[in-house]
Amino acid sequence: MAAVYFTQNVLGAFLLDEEGKRLAESLAPFKTNEIIDYLIDLEEGKVTQQAREVLEKAKSMGFNEVVVETIEDGKIASSLGLTPRVDVRASVISRFRERLQDLAVELGLCSSKDEFYTKLHEISLELSRRKLRKEAQKRDLLAIQAIRAIDDIDKTINLYVSRLREWYSIHFPELDELVKDHHDYARIVYELGDRENISYEKLKRLGFSEELSTKISEASRKSIGADLSDFDIEYIKTLAGIILDLYELRETLEGYIDAVMKEVSPNVTAIVGSKLGARLLSLAGSLENLAKLPASTIQVLGAEKALFRALRTGGKPPKHGVIFQYPAIHKSPRWQRGKIARALAAKLAIAAKIDFYTGRFVGDKLVKELQERIEEVKKLYAKPPAKK
Amino acid sequence: MAAVYFTQNVLGAFLLDEEGKRLAESLAPFKTNEIIDYLIDLEEGKVTQQAREVLEKAKSMGFNEVVVETIEDGKIASSLGLTPRVDVRASVISRFRERLQDLAVELGLCSSKDEFYTKLHEISLELSRRKLRKEAQKRDLLAIQAIRAIDDIDKTINLYVSRLREWYSIHFPELDELVKDHHDYARIVYELGDRENISYEKLKRLGFSEELSTKISEASRKSIGADLSDFDIEYIKTLAGIILDLYELRETLEGYIDAVMKEVSPNVTAIVGSKLGARLLSLAGSLENLAKLPASTIQVLGAEKALFRALRTGGKPPKHGVIFQYPAIHKSPRWQRGKIARALAAKLAIAAKIDFYTGRFVGDKLVKELQERIEEVKKLYAKPPAKK
Amino acid sequence: MSEVVAIKPHEKYYGVYVVELEDGSMRLATKNLVPGHRVYGERLFRYENVEYREWNMYRSKLAGALANGLSEQPIRESDSILYLGVATGTTASHISDIIGLKGRIYGVEFAPRVMREFVALADVRKNLYPILADARKPQLYRHVVELVDGVYADIAQPEQASVVADNADYFLKHNGYLLLAIKARSIDVTKEPSEVYRREIETLKNRGFEIVDVVHLEPYDKDHAMVYARFKR
Amino acid sequence: MSEVVAIKPHEKYYGVYVVELEDGSMRLATKNLVPGHRVYGERLFRYENVEYREWNMYRSKLAGALANGLSEQPIRESDSILYLGVATGTTASHISDIIGLKGRIYGVEFAPRVMREFVALADVRKNLYPILADARKPQLYRHVVELVDGVYADIAQPEQASVVADNADYFLKHNGYLLLAIKARSIDVTKEPSEVYRREIETLKNRGFEIVDVVHLEPYDKDHAMVYARFKR
């Protein structure tokens, strides 16, 4: 009887003949949340349902011996009553591996090779994060410190920019009114410095609009500000420079929070993004605390003052705390907000629990359910309630 | 009759014979405050008292013609009734110039050549600053902005260091207690990062004492903090890095304030230093405002709250505002402080007026007088007043 | 900092650029796949509207090998590569620049402390596929790695040649290339580097590799050599 | 940044050091008179407990002239020097390093905006004597300048040779040296640089200077040459 080959990969379990033709197959669940569990089972040498199906089929087709690539697969085969033969360089299997991406399309798991790779990329990231999570020590606290550092930076940037505006206004007072954006203001001072150095072309090169570039360069020519030495300008530029450094640090920390949150709290992050997620952790104090809070408390996290006032005075309790930053809440009409906030808080409570207790990724599902509920709210309460 | 040579320089006016021997001389006032005026007169081609004396002497010695180096000196000679002959390369005069430093000692103006050069350095700085002052536009406002920026930095450094301490304490909580100095704390985090990287040798190399280095390195080995990835540590270090940048900017701005204050307000600076001087300008709003304030107001600048409270309640008015930072005030016994503050404020009022209206440097004199008054106070009021 | 005078494709090496600076010095560089982003603090250069990243010979052994005249740079656009010991991704990021978005690097790294950084990099560079695993056990990641065009290995372990060969058996195409940084002294401190190379190279030959070139990495790296080989299944 | 491998005195030039970096490149440097302080953002190097400041050839014409092989570096420790057109003191700071605390540089500069920076520098470097004045009128600062060992001039004006000679008449010792950066094109844009040099050098000769050497400053500076001469009273 001809040899038959058994192999498992990200697409599922397969039985192949000597030509590499598929004799039997059982596909893996090709969705991020489920496939991670599947791949972890494979890595741990567990007998997956897929392997079982395919090997039972082999038996029913009358095969007693299967060729496998690894001792691990061999064990699985023998646990199901087959005789394995291990051949690490089995060319049938390596040729099969070469066609993985085509097969994914052929089997209808993806619509194109590119989609397969995009999915595989996502899977490899999430799988690595899941494993890293076990190594993580207090990483929720790190995300909390990072988001608080961002808040500190925001506070001080304002202070520094006010100082910079006052200082540079000795030289070019008209700029203060013309450039309201703090970051842009600091960039102009840092990059161009002396008012005489400001020109339409240079402003355009810094990415400003034609209109603004014209206005600023004209104003610089007619400025009533004092002429300053290069020496003096240099120090004003130093302050502008550190402001730009702070903006850069802020961006760096946002990237960091993103990386940490995806690892430490992937489901909360999937729902509200890494920054709002980190704020929730910060308000709760830790992921463990957040996981233990009821949805009703999560809903008003960050609105403690308003809540206590309501309790004291018997007034209306707040409908939402920091989750107000979630676009579907603050962009919705007033009368829908409470309902959306409740739905969001409920999902967040579930997400935090999963993040803390299991670490499985079910973000796709949670997001989908939340979207459905929000659409439902928008449909059911499209009109403002009648005044009582 | 042999030729006679007339020349003027930083030491005074001189009449020389063909051998370079001094026939007559009239020395310049070799003190910073007065010599600047003298040198400006020379530069402007004015007939100084010294030139007049020496040239009168030449006439009385029977000379009708003098050899001079410049047309300017020629004009002076002829205005005093002598016939000048201009010889730019007059070797008698250039040989005389070569011996300037020796002559300063010979004439008893300095005790050594080194002292002469130190003095000349001081003079060249002050002369340049005096001329720059005329070109200065609103430089007092620049010093004010710089000192305010320093205050802003001080405020935010505290905020950032608190954040850094909280953040890094996840990893190495024991360090918070061991290193109270903020700058040192930030340096350790930035330079060494991971606790495992901390050692006695490295701490010593950073300039810490043997005792502290031992304590910190031992604590790092026994720390109860969480193990963190290099990845996480890297971001904490970034925050520490910007804190160090802020310390550096602070130092840079102090240097800048020093340069500006010496030019814009040399007399106030001579009395209280550039930083306290800038604070006084900042509180008054400008040098012009400060120059117009009576001494009694300067005395309580920065203590407006206490002053208004006193006026409202009829209580005791404050004895000193920001000038309390002047060491002779806060280091003196309580009962002497009011008197020293009054003396200091009086000198500051004079200094600010001179700085604003003339720009002449009389700081040496003002400082000397103030010192004398302080010593007097300390002698007259050595004991606390008897309780009433 | 000196300004850029010109940037040209390297005359010998595919995908590599030569940056000429105002002070007369030359730098290696690759086109930045993600403009504006640095990976390990390297300098960014803009020239004729394209951004390049300096490829530091002291930080990346592959750059060191090229600077020392390796006979060829075998990596091509769209290649798939298995990278054993990818660490934080310094070298991988330049290979990522060369293979472009149609290529893939499966980056295997065992140390979580280091892997974390590579995961963050892979989040931005879509052609990096992180694999937190032990390179000595390829059977544990065989499920997620395809058959690749090349293997790059920088693993400081004894018997690195065997580890690489085990991986090649599973994942490397016939005629696929191998770039192996041998950290000679970490294998056996008692023997001269040259002997260690010989023994490791012997192992590679026995396991189906044909050696194309070997260059030492001094002065950029004192303990390593780079082996360039082809795999015959 | 590459690390320092070694720092040695320059084989040819007095007071100048050569820094050898890890990446194989060489830099000129002087011993920092005020350790820890940068003057124009230049790199600081520590080697065997001495701090050096990189002397940037693109920023300082004297460094450019030395890099292009000027026949001698005439400035010695303890020298007194008249520097015409001292600007913010980039080059002067390196001369200040060379002459040490027993030397003096009288730095003449006419532009207050620029002088301000030099005054701040002179406040820290005690061998710098600022003079806010027009170099064309030496009679106005003759009261504060001694007879000097050398004149350094970098003044972008027509008839710069005459201006320099006028100053030399007042202040330069017999056999004193002159280092003159001629910005050829600023003198007469219609003539070829070589002709301009010739005419200015002719003036110098007529006024008592013996030309020792002339070097062009390319590629560090495209429009200048450095003239090195000795003055005979």
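Each chain gets a letter, A, B and so on, in the order its sequence line appears, and its residues count up from 1.
Summarising the local packing, CD of A/Glu122 is surrounded by more than 12 heavy atoms from other residues, nucleotides or ligands at distances under 6.0 Å. The number of heavy-atom neighbours closer than 6.0 Å to CD of B/Glu248, taken from other residues, nucleotides and ligands shown, is 12 or below. Residue B/Lys222 places its NZ atom among 12 or fewer non-hydrogen atoms of other residues, nucleotides or ligands, all under 6.0 Å distant. In the displayed structure, A/Glu251 atom CD is contacted under 6.0 Å by at most 12 heavy atoms of other residues, nucleotides or ligands. For B/Tyr190, the OH atom counts as loosely surrounded, since its 6.0 Å shell holds 12 or fewer non-hydrogen atoms of other residues, nucleotides or ligands.
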Audit row: B/Tyr256, A/Thr238, side chain to side chain donor-acceptor pair (under 3.5 Å) steps and yes/no: CA-CA 11 Å; B/Tyr256 174 64; A/Thr238 314; over 6 Å; no
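In this structure, CD on B/Gln145 lies 5.0 Å from CZ on A/Arg163, to the nearest 0.5 angstrom. To the nearest 0.5 Å, atoms CD1 (A/Ile242) and CG (B/Asp245) are separated by 5.0 Å. Atoms CG and NZ, on A/Leu159 and B/Lys155 in that order, are 5.5 Å from each other to the nearest 0.5 Å. The structure places OG1 of A/Thr252 at 11.5 Å from CG of B/Leu239, a figure rounded to the nearest 0.5 Å.
When each of A/Ile144, A/Ile170, A/Leu132, A/Leu141 is checked for heavy-atom pairs under 4.5 Å with chain B, A/Ile170 comes out on top. Per-residue counts of heavy-atom pairs under 4.5 Å with chain B were compared for A/His171, A/Lys138, A/Arg139; the largest is that of A/Arg139.
Of the residues listed (B/Leu142, B/Ile257, B/Val260, B/Leu253), the one engaging A/Tyr235 in a side chain to side chain contact (heavy atoms under 4.5 Å, CB included) is B/Leu253, and it is the only one.
When side chains are defined from C-beta on, B/Thr156 does not count as touching A/Asp152, because their heavy atoms never get closer than 4.5 Å.
Here the shortest heavy-atom pairing between A/Tyr160 and B/Ile153 reads OH-CA, 3.6 Å.
B/Ala146 touches chain A through backbone and side chain together, each having a heavy atom under 4.5 Å away. Both the backbone and the side chain of B/Leu246 come within less than 4.5 Å of a heavy atom of chain A.
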